[in-house]
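Everything on this sheet refers to the single structure shown next.
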Amino acid sequence: MARRSNPVYCAVDTVDLPIAARLIRSVAGNAVPAVGGIKLGLEFFLAHGAPGVRYAFPAPVKATGIGFFLDLKLHDIPNTVAGGIRAVVELEPTYITIHTAGGAAMMKAAAETAAAEAARLGIARPRLLGVTVLTSLDKSDLESTGVAAGPAQQVLRLASLARNSGLDGVICSPHEIVALRRECGKDFVLMVPGIRPAGSATGDQKRVMTPSDAMALGANHLVIGRPITEAADPAEAAQAIARDLEAF
Ligand code: C5P
């Protein structure tokens, strides 16, 4: 079965604007991009803001139809998070992240604002994805913040709350895919980092999975950074991953 689109979002984690621009051009600037989307996060956005996004990821590259994941992990009172969302909708992100621990009212305000602002601008609504339990936290970290549930249970609780509060999906570890798919249904977006093609360096990622295994378990998108960005030829590295995923 032929795949509908490339599920890989390339994580561009740098504060160096020319390096980011060159990398994005190489993996996304061709008629057939080597990745399905670009992820820009806190590091890049705090350094360069919206003008940096417009420079590194210009309209002609976007026009290839490539996805744009703005990984801001917003977490504040509902009014402030809604204001933050409103400020970035004009960049036409496909996905924006917010923390589910901000609660139902915050998530609802974010979802309503994303839809309303996109409608006002006449552009596609950004999809909102929730961050549940950071993979850097273990059971004792949760206990120290007053959360008695273990990480696996808390991930499901927060994902369920996110779904009921109007979010489109969550970011999750490859090892959470099966339980989240069961809990949240087939239409809930699962965006999955912690991915390593067979044979590549794991770096600081501890519990990795290959791209095809994560897709087989039910991921919608994969976030892959260093195996692409640190390759001698990032476009070729991304194309090799895409070839491995042709069945999905
Ligand atoms: O280079 P690498 O493939 O490890 O990059 C993964 C990307 O996914 C980084 O941008 C990282 O911040 C993000 N991420 C992660 N693990 C999580 C959540 C996000 O690696 N649990």
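Atoms within a ligand are numbered from 1 in the order they appear, just like the ligands themselves.
The shortest side-chain heavy-atom distance between Leu217 and Glu176 does not fall under the 4.5 Å cut-off. Between Ile171 and Pro193 there is a side-chain heavy-atom pair separated by less than 4.5 Å.
Of all atoms in ligand 1, listed by their number and element, those nearer than 4.0 Å to a heavy atom of Arg226 are 1 (O), 2 (P), 3 (O), 4 (O). Within ligand 1, counting atoms from 1 as listed, the ones closer than 4.0 Å to a heavy atom of Pro193 are 8 (O), 14 (N), 15 (C), 16 (N), 17 (C), 18 (C), 19 (C), 20 (O). Close approach of ligand 1 to Ala11 (heavy-atom distance below 4.0 Å) involves ligand atoms 7 (C), 10 (O). Residue Arg196 has at least one heavy-atom neighbour below 4.0 Å for each of these atoms of ligand 1: 1 (O), 2 (P), 3 (O), 4 (O). Of all atoms in ligand 1, numbered sequentially from 1 with element shown, those under 4.0 Å from a heavy atom of Asp13 are 9 (C), 10 (O).
Taking atom 12 (O) of ligand 1 as the reference point, the nearest protein heavy-atom neighbour is Lys39 NZ, 4.1 Å. Of all protein heavy atoms, the one lying nearest to atom 6 (C) of ligand 1 is Gln205 NE2, 3.8 Å. Among all non-hydrogen protein atoms, the one lying nearest atom 21 (N) of ligand 1 is Thr135 OG1, 2.7 Å. Protein heavy atom closest to atom 7 (C) of ligand 1, with residue, atom name and distance, is Val223 CG1, 3.7 Å.
With hydrogens and angles disregarded, no donor-acceptor distance shorter than 3.5 Å links the side chain of Thr97 to the backbone of Gly130. Using modelled atom types, one side-chain atom of Asp168 and one backbone atom of Leu128 make a donor-acceptor pair closer than 3.5 Å.
Salt bridge annotation for Arg54-Glu90: present, with a cationic side-chain nitrogen under 4.0 angstrom from a carboxylate oxygen. Between Arg22 and Asp16 there is no salt bridge, since no side-chain N of the basic residue sits under 4.0 Å from a carboxylate O of the acidic one. A salt bridge is absent between Arg243 and Glu246; no separation between the charged side-chain nitrogens and carboxylate oxygens falls under 4.0 Å.
Considering backbone and side-chain atoms alike, Lys73 places every N or O at 3.5 Å or more from each N or O of ligand 1.
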